[in-house]
*Asks:* 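There's a structure below that I have some questions on.
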Amino acid sequence: MSASDSEANRFSARAARYAKVGANVGGVAARMAGARLLGRKGEDVTSAAALAQALGGLKGPIMKVAQLLATVPDLLPPEYAAELQKLQSEAPPMGAAFVKRRMAAELGPQWKERFGTFDLRPAAAASLGQVHRAEALDGTPLACKLQYPDMQSAVEADLKQLELAFALHRRISSVIDTREIAKEIGDRVREELDYTREAKHAALYADVLKGVETVRVPVVHPDLSTKRLLTQGWLEGEKILTFTGGPLEVRNRLAHAMFQAWWHPFSRSAVIHGDPHLGNYTVFSEGGEPAGINLLDYGCIRIFHPRFVGGVVDLYKGLLHGDEARIVHAYESWGFRNLTRDLVDILNIWARFIYGPLLEDRVRTVADGVKPSEYGRRQAFEVHRALKERGPVTVPREFVFMDRAAVGLGAVFLHLRSELNYHRLFEAQIDSFSLDELAARQHAALEKVGLPQPA
């Protein structure tokens, strides 16, 4: 920790954060406990709405953690997951005077002279920072993501709250051991604070996706970026929900681009975008027609060891051909231990849901008649019920963002009502798959942008 870093992990800032989060959430927690003690029915729904409202007014990582918890299958009661998924990671923006001070802290007192224009009003506000439109001196449109103050202290305070929540969860229910999940969420949220790392993530994706014309990655401007300020080229586009009522051909084109954006980097370099939130991409047009997607945010990128991708391929092949030995090998390669036939059968409930569209060689929707907000909930309930009888199980940490990506991407396909042959799309991604070749490609790609190799 640098002694000159005025926003390092400070005790005073953490203490203030504890007080603020506790004041918002403590009352809801007390009401929940009282309702359980008195046996009141229907209290979960109102308590869940109150919790979402309490979190909705807070900037910072507690919002992101809440959304992550909502996407981990069956970690929360359905009422809480439904309410927390409504959070859009938006909070009141920093005012103009505040923005000026933040920019001066990052680029120096003459920061304005380094831009042609800079809009002090944010174009978007998120959980860890806000985005401003600007222009470079040569007129290039820019997007400047400026981090809120004291986020490092807020992250550590909020993650401590998460540890306490998970400890309570383990005492109430021992079905799913959440310790590895907590470690994974902590590591990824801490990474999101470092915009220097995010710039490297963007460079990695630009390299991996350079042959995919339907996905665009913004160009990073390192001379206008710091650890807490990330400046990239502005990519014009419209919200993807604008096209949910469009022609099937357009919806399928966008769904295909989304598939490429997530699974091409995974199969080629063992990396995945762990935050398929509707605000993290827009649609670009060519010749007046929607042509593909802009992938905008690179804070939540998960870099896997190549063996994890090998497990994904093995499980797919095992389910496709009914090869039980290959299925078990896949789970073991991911880190599942002490597997019994019953536990494998339970894990296969979730696996067949995730892989379902990939296993059928036909044009289909992802899941007919299922709302995006309910995608995966029935299967998660079945898994939880079965684990109560035959579990428990420790979920390997890599699963948090893999599941989040799969469920989130499936929800996008549901929004678009796309009809594609997902089996053939996936087969194209793993054609001639080789673990050694993947490891070599990943090593070269990470070395090129200055990212560490996975452990």
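Keep in mind that the numbers below use all heavy atoms, side chains included, and drop hydrogens, waters and symmetry copies.
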*Asks:* Should Leu137 and Arg114 be marked as a side-chain contact (heavy atoms from CB on, under 4.5 Å) after you check the CA-CA gap, both sets of side-chain angles, and the distance that decides it?
*Replies:* CA-CA 7 Å; Leu137 294 175; Arg114 303 175 68 174; 5.7 Å; no

*Asks:* Run the numbers on Arg302 and Glu184 for salt bridge (charged side-chain N to carboxylate O under 4.0 Å, His left out), then give the verdict.
*Replies:* CA-CA 10 Å; Arg302 194 15 161 128; Glu184 177 70 7; 2.7 Å; yes

*Asks:* Determine whether a donor-acceptor pair (N or O, by modelled atom type, separation under 3.5 Å) exists between the side chain of Thr226 and the backbone of Leu229.
*Replies:*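 Yes, because the side chain of Thr226 sits within donor-acceptor range (under 3.5 Å) of the backbone of Leu229.
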
*Asks:* State the CZ-OG distance between Arg253 and Ser418, to the nearest 0.5 angstrom.
*Replies:* 13.5 Å

*Asks:* Please check this pair: side chain of Gln442 against backbone of Phe304, looking for a donor-acceptor N/O pair closer than 3.5 Å.
*Replies:*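 Pair found, side chain donor or acceptor close to backbone of Phe304.
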
*Asks:* Using a 4.5 Å cut-off on heavy atoms from C-beta on, say whether the side chain of Ile240 contacts that of Val412.
*Replies:*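 They are in side-chain contact.
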
*Asks:* May I ask you to establish whether Arg424 and Phe426 are in a cation-pi arrangement, using a distance under 6.0 Å from NZ or CZ to the six-membered ring centre and at most 45° from the ring axis?
*Replies:* no

*Asks:* Is there a donor-acceptor pair under 3.5 Å between the side chain of Glu198 and the backbone N or O of Tyr298?
*Replies:* yes

*Asks:* Any chance the side chains of His423 and Tyr316 put a donor and an acceptor closer than 3.5 Å?
*Replies:* yes

*Asks:* Could you pull out the closest heavy-atom pair between Leu414 and Ala367, with the gap in Å?
*Replies:*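 Scanning both residues, the minimum pair turns out to be CD2-O, 3.3 Å.
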
*Asks:* Given Thr140 and Asp138, is the side chain to side chain donor-acceptor pair (under 3.5 Å) satisfied, shown in steps?
*Replies:* CA-CA 6 Å; Thr140 301; Asp138 64 0; 2.8 Å; yes

*Asks:* Would you mind reporting whether Met103 and Lys112 have side-chain heavy atoms less than 4.5 Å apart?
*Replies:* no

*Asks:* Under a 4.0 Å threshold between the charged nitrogen and the carboxylate oxygen, would Lys210 count as salt-bridged to Asp207?
*Replies:* yes

*Asks:* Rounded to the nearest 0.5 Å, what's the gap from CZ on Arg197 to CD1 on Ile301? Could you check?
*Replies:* 10.0 Å

*Asks:* Please answer whether the main-chain N or O of Leu438 pairs with a side-chain N or O of Arg268 as donor and acceptor at a distance below 3.5 Å.
*Replies:* no

*Asks:* Would you call Pro265 and Leu209 a side-chain contact if the rule is heavy atoms closer than 4.5 Å?
*Replies:* yes

*Asks:* Below 4.5 Å, heavy atoms only, C-beta onward: do Asn294 and Val283 meet side chain to side chain?
*Replies:*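 No, every pair of side-chain atoms sits at 4.5 Å or beyond.
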
*Asks:* Can you say whether the rings of His273 and Trp262 are parallel (under 30°), tilted (30 to 60°) or perpendicular (over 60°)?
*Replies:* tilted

*Asks:* Side-chain contact, heavy-atom cut-off 4.5 Å: Leu142 with Glu135?
*Replies:* no

*Asks:* Please determine if Lys145 forms a cation-pi arrangement with Tyr195, meaning its NZ or CZ atom is less than 6.0 Å from the six-membered ring centre and no more than 45° off the ring axis.
*Replies:*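 So Lys145 does make the cation-pi contact.
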
*Asks:* Please check: side-chain N/O of Arg188 versus main-chain N/O of Cys300, any donor-acceptor pairing under 3.5 Å?
*Replies:* no

*Asks:* With under 30° as parallel and over 60° as perpendicular, where do the rings of Phe115 and Trp111 fit, or are they tilted in between?
*Replies:*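 Perpendicular: the ring planes of Phe115 and Trp111 meet at over 60°.
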
*Asks:* For the backbone of Gln232 and the side chain of His221, can you confirm whether one donor and one acceptor N or O come within less than 3.5 Å of each other?
*Replies:* no

*Asks:* Short question: side chain of Gln147, backbone of Arg228 - any donor-acceptor pair under 3.5 Å?
*Replies:*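 Judged by distance alone, no pair lies under 3.5 Å.
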
*Asks:* Which distance, rounded to the nearest 0.5 Å, do you find between the CG of Asp436 and the CZ of Arg441?
*Replies:* 11.0 Å

*Asks:* Would you check if the side chain of Asn280 reaches a backbone N or O of Leu296 as a donor-acceptor pair within less than 3.5 Å?
*Replies:*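 Checked: no pair found.
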
*Asks:* For Arg397 and Asp187, what are the C-alpha separation, side-chain angles and deciding distance, and is it a salt bridge (charged side-chain N to carboxylate O under 4.0 Å, His left out)?
*Replies:* CA-CA 10 Å; Arg397 58 189 300 174; Asp187 285 352; 2.4 Å; yes

*Asks:* Can Glu447 and Gln453 be counted as having a side-chain donor-acceptor contact under 3.5 angstrom?
*Replies:*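 Gln453 and Glu447 do not have a side-chain donor-acceptor pair below 3.5 Å.
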
*Asks:* Do Asp297 and Tyr281 come within less than 4.5 Å of each other through their side chains, counting heavy atoms only?
*Replies:*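 No. Closest side-chain heavy atoms not under 4.5 Å.
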
*Asks:* Under a 3.5 Å distance rule, please check whether Tyr422 uses its side chain to pair with a backbone N or O of Tyr355 as donor and acceptor.
*Replies:*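 No, because the side chain of Tyr422 does not come within donor-acceptor range (under 3.5 Å) of the backbone of Tyr355.
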
*Asks:* Tell me the closest heavy-atom pair linking Ala134 and Cys144, and the distance in Å.
*Replies:* CB-SG, 4.0 Å

*Asks:* So for atom CD, which belongs to Glu360, do other residues, nucleotides or ligands contribute more than 12 heavy atoms lying within a distance under 6.0 Å?
*Replies:* yes

*Asks:* In Å, rounded to the nearest 0.5 Å, how long is the span from CG of Asn252 to CG of Leu416?
*Replies:* 8.5 Å

*Asks:* Would you call Val312 and Trp334 a side-chain contact if the rule is heavy atoms closer than 4.5 Å?
*Replies:*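 Yes, at least one pair of side-chain atoms sits under 4.5 Å.
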
*Asks:* Start with the C-alpha gap between Arg190 and Glu156, add the side-chain angles, then the distance that decides, and say whether salt bridge (charged side-chain N to carboxylate O under 4.0 Å, His left out) holds.
*Replies:* CA-CA 8 Å; Arg190 288 185 181 99; Glu156 296 307 323; 2.9 Å; yes

*Asks:* Of all the heavy-atom pairs spanning Val217 and Leu235, show the shortest one and how long it is.
*Replies:* C-CD1, 4.0 Å

*Asks:* To the nearest 0.5 angstrom, please state how far the NE2 atom of His256 sits from the CZ atom of Phe413.
*Replies:* 9.5 Å

*Asks:* For Arg216 and Glu286: C-alpha separation, side-chain torsions, deciding distance, then whether salt bridge (charged side-chain N to carboxylate O under 4.0 Å, His left out) applies.
*Replies:* CA-CA 13 Å; Arg216 291 180 176 175; Glu286 290 181 345; 2.7 Å; yes

*Asks:* Would you name the heavy atoms of Ala143 and Trp234 that are closest together and state the gap between them?
*Replies:*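 It is CB-CE3, 3.4 Å.
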
*Asks:* Just verifying a value: how many Å separate His132 NE2 and Asp119 CG, rounded to the nearest 0.5 Å?
*Replies:* 8.0 Å

*Asks:* If you look at every heavy atom in Gly233 and Pro218, which pair is closest and at what distance?
*Replies:* O-CB, 3.5 Å

*Asks:* Could you tell me whether Arg251 sits above the aromatic face of Phe243, with NZ or CZ closer than 6.0 angstrom to the six-membered ring centre and within 45 degrees of the axis?
*Replies:* no

*Asks:* Please check if the side chain of His305 supplies one atom and the backbone of Ala455 the other of a donor-acceptor pair under 3.5 Å.
*Replies:*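 Looks like no, no N/O pair under 3.5 Å.
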
*Asks:* With heavy-atom distances below 4.5 Å as the criterion, would you say the side chains of Met94 and Leu146 are in contact?
*Replies:*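 Side-chain contact under 4.5 Å: yes.
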
*Asks:* Determine the minimum heavy-atom distance between Pro454 and Pro306, stating which atoms define it.
*Replies:* CG-CD, 4.4 Å

